Amino acid sequence: MALLQVTDLEVAYGEALALKGISIAVQAGTITSVLGANGSGKTTLLRTISRLIKQRRGNIILDGASIDDSQVHQVVRRGISHIPEGRGLLAEMTVIENLRLGSHVNSGSYLAEDLDKIHQLFPVLHERQNQQAGMLSGGEQQMLAIARGLLARPRLLLIDELSLGLAPRVTTALMQLLTKIKLEGISVLLVEQNVHQALKISDWVYLLVNGEIKFSGLPVDLNNRKDLMSTYLGMD
C-alpha cells in the first residue's frame, strides 16, 4: 500500500479547472517528483494534499486512511510537512526561533533530541542559530525551511520548488540532502523545475501538463522520452 494515494483529484478556482482528475501515489521511503512548466498545477497539488485547498472531487488517502475532511493542523499531526514555494520563514525571527515553531506539533517534547539530528544534517544552522532568518543566504533559508518541517516528525515531506533562486552547486547539495532524508525513512513529494537534478534523485516521476498527468514512470524512462522532454519541459 502506498503511503500517499491521490485518486481522481479535481480542483477548480471558480470555473477554471486547475487539476483535472489526476491520480498519483508516493511509496514509503521514496522520492517522488512532479515536473512541469509554470501554471501546470504543481503547487495546487501540494496545497490540496496539505489541505490548504479543498478539492471539488477525488480522494486523498494517507497510510490507508482518508484525509479529505482533515484540517491543516490535523494533516500535520498525521505526518505531512509542507515546505511551500518561498519557504514560509519568519524573517525577523532567529533561526532557533523558527526551528522551535516546527516542534509545536509534538509540544516541543522532543525538541532537544531532534535539534541534535537537525544540526548533524545542517551544521550551518547551528552556527547561525541566533541570526535572523532573513539574513541567511537563499540556500541556508531553504535548509532552515526543510529543517523546520522535519521537526514536526513527518512521514512525508511536500517540497515546492526546492531550487528556486539558488545557485547550481547549492541546489546539488540540497538534492543530496533529500537522499539522506529518504534514508531516514521519510518520503518526499518534490515539485521542481530543475528537471535534471530532480531526475537524478527521484525514484518515480510524474509530468503534469495543464492539470493533467502526461507521464508516470521511472526517471530514466522520462529522460528517454525526448518528445515529452522537449515539448513540455523545454529540454533538448
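Just so it is clear, the model here is predicted, and its values are computed rather than measured.
In summary, the side chains of Asp69 and Gln74 do not present any donor paired with an acceptor at a separation below 3.5 Å, with no hydrogens or angles considered. Counted by atom type alone, Glu161 and Asn194 present zero donor-acceptor pairs between their side chains at under 3.5 Å. Side-chain contact check for Ser187 and Gln27: no donor-acceptor pair (N or O, by modelled atom type) lies under 3.5 Å. Gln55 and Arg51 share a side-chain donor-acceptor pair at under 3.5 Å. With no hydrogens or angles considered, a side-chain donor-acceptor pair links Trp204 and Ser216 at under 3.5 Å. Side-chain contact, Thr43 with Asp160: a donor N or O sits under 3.5 Å from an acceptor N or O. No side-chain donor from either of Thr171 and Ser163 sits under 3.5 Å from a side-chain acceptor of the other.
The shortest side-chain heavy-atom distance between Leu222 and Leu199 falls under the 4.5 Å cut-off. Looking at heavy atoms from C-beta onward, Leu45 lies out of side-chain contact with Val191 at the 4.5 angstrom threshold. Side-chain contact between Leu177 and Ile146 is absent, with no heavy-atom pair separated by less than 4.5 Å. Using a 4.5 Å heavy-atom threshold, the side chains of Leu208 and Lys214 count as separate. Side chains of Val6 and Ile49 form a contact here, defined as non-hydrogen atoms less than 4.5 Å apart. Looking at Met175 and Lys200, their side chains never come closer than 4.5 Å, going by heavy atoms from C-beta outward. Thr44 is listed as a side-chain neighbour of Tyr13, based on a closest heavy-atom distance under 4.5 Å. Taking the side chain as every heavy atom from C-beta outward, Asn130 and Val95 never approach each other to under 4.5 Å.
Under a 3.5 Å cut-off, the side chain of Arg155 and the backbone N or O of Arg78 do form a donor-acceptor pair. Of the possible polar contacts, none joining the Gln5 side chain to the Ile60 backbone as a donor-acceptor pair under 3.5 Å is found. In this structure, Ser40 contributes its side chain and Ala37 its backbone to a donor-acceptor pair below 3.5 Å. Side-chain atoms of Thr179 come within 3.5 Å of backbone N or O of Gln176 as a donor-acceptor pair. Checked by atom type and distance alone, the side chain of Tyr206 pairs as donor or acceptor with a backbone atom of Ala25 at under 3.5 Å. Listed for the Glu212 side chain is no donor-acceptor partner under 3.5 Å among the backbone atoms of Val209. Side-chain atoms of Asn224 come within 3.5 Å of backbone atoms of Val220 as a donor-acceptor pair (strictly under, hydrogens ignored). A distance-only check finds no donor-acceptor pair linking the side chain of Asn59 to the backbone of Ser66 [under 3.5 Å]. Put simply, the side chain of Thr94 gets close to the backbone of Glu97: a donor and an acceptor are under 3.5 Å apart. When atom types are taken as modelled, the side chain of Asp221 and the backbone of Gly217 share no donor-acceptor pair closer than 3.5 angstrom.
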request  = Could you walk me through whether Glu184 and Lys117 pass the side chain to side chain contact (heavy atoms under 4.5 Å, CB included) test, one step at a time?
outcome  = CA-CA 11 Å; Glu184 295 291 324; Lys117 294 179 181 178; 5.9 Å; no
task = Output, in order, the C-alpha distance, side-chain angles, deciding distance and verdict of side chain to side chain contact (heavy atoms under 4.5 Å, CB included) for Ile201 and Leu190.
result = CA-CA 10 Å; Ile201 67 164; Leu190 174 67; 4.3 Å; yes
message = Please evaluate residues Arg56 and Val11 with respect to the criterion side chain to side chain contact (heavy atoms under 4.5 Å, CB included), reporting the C-alpha separation (whole Å), side-chain torsions for both, the decisive distance (0.1 Å), and the verdict.
response = CA-CA 5 Å; Arg56 177 181 285 183; Val11 177; over 6 Å; no
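Put simply, NZ on Lys42 and CG on Leu207 are 9.5 Å apart, with the number rounded to the nearest 0.5 Å. How far CD of Glu85 is from CD1 of Ile159: 13.5 Å, rounded to the nearest 0.5 Å. Note that CD of Gln197 is 10.5 Å distant from CG of Leu178, once rounded to the nearest 0.5 Å. A distance of 10.5 Å separates CG of Leu99 from CG of Asp114, quoted to the nearest 0.5 Å. Separating the CG atom in Asn98 from the CD atom in Gln129 is a distance of 13.0 Å, to the nearest 0.5 Å. Taken from CG in Leu189 to CG in Leu3, the straight-line distance is 10.0 Å, to the nearest 0.5 Å.
The two residues Gln132 and Ala91 come nearest to each other via the heavy atoms CB-O, 3.6 Å. The nearest pair of heavy atoms linking Leu166 to Gly138 is CD2-C, 3.4 Å. In terms of heavy atoms, Gln142 sits closest to Leu162 at NE2-O, 2.9 Å. Between Lys54 and Ser70 the shortest heavy-atom distance is NZ-O, 2.9 Å. Shown here for Gln120 and Pro123, the closest heavy-atom pair between the two residues is O-CD, 3.8 Å. Contact between Ser81 and Ala152 at its shortest, heavy atoms only, is OG-CB, 3.6 Å.
The side-chain contact (heavy atoms from CB on, under 4.5 Å) test with Leu158 singles out one residue from Ile80, Ile83, Val26, and that residue is Ile80.
Among pairs with a residue in residues 22-60, none fulfils ring-ring contact (aromatic ring centres under 6.0 Å, His included), at least two apart in sequence or across chains.
Linking ILVMFWY side-chain heavy atoms closer than 4.5 Å, directly or via other members, places Leu151 and Leu136 in a single hydrophobic cluster. Hydrophobic cluster membership is shared by Ile31 and Met143, with clusters built from Ile, Leu, Val, Met, Phe, Trp and Tyr side chains linked at under 4.5 angstrom. Both Ile96 and Leu125 are part of a single hydrophobic cluster, where members link through side-chain heavy atoms under 4.5 Å apart. Both Leu89 and Leu157 sit in one connected hydrophobic cluster of ILVMFWY residues. Membership requires side-chain heavy atoms under 4.5 Å apart, directly or through other members. The cluster map of Ile, Leu, Val, Met, Phe, Trp and Tyr, joined by side-chain heavy atoms under 4.5 Å apart, puts Leu233 and Leu228 in the same cluster.
Comment: Lys20 does not engage Glu10 in a salt bridge, judged by the lack of any side-chain N to carboxylate O separation of less than 4.0 angstrom. With salt bridges taken as basic N to acidic carboxylate O contacts below 4.0 Å, one links Asp203 and Lys182.
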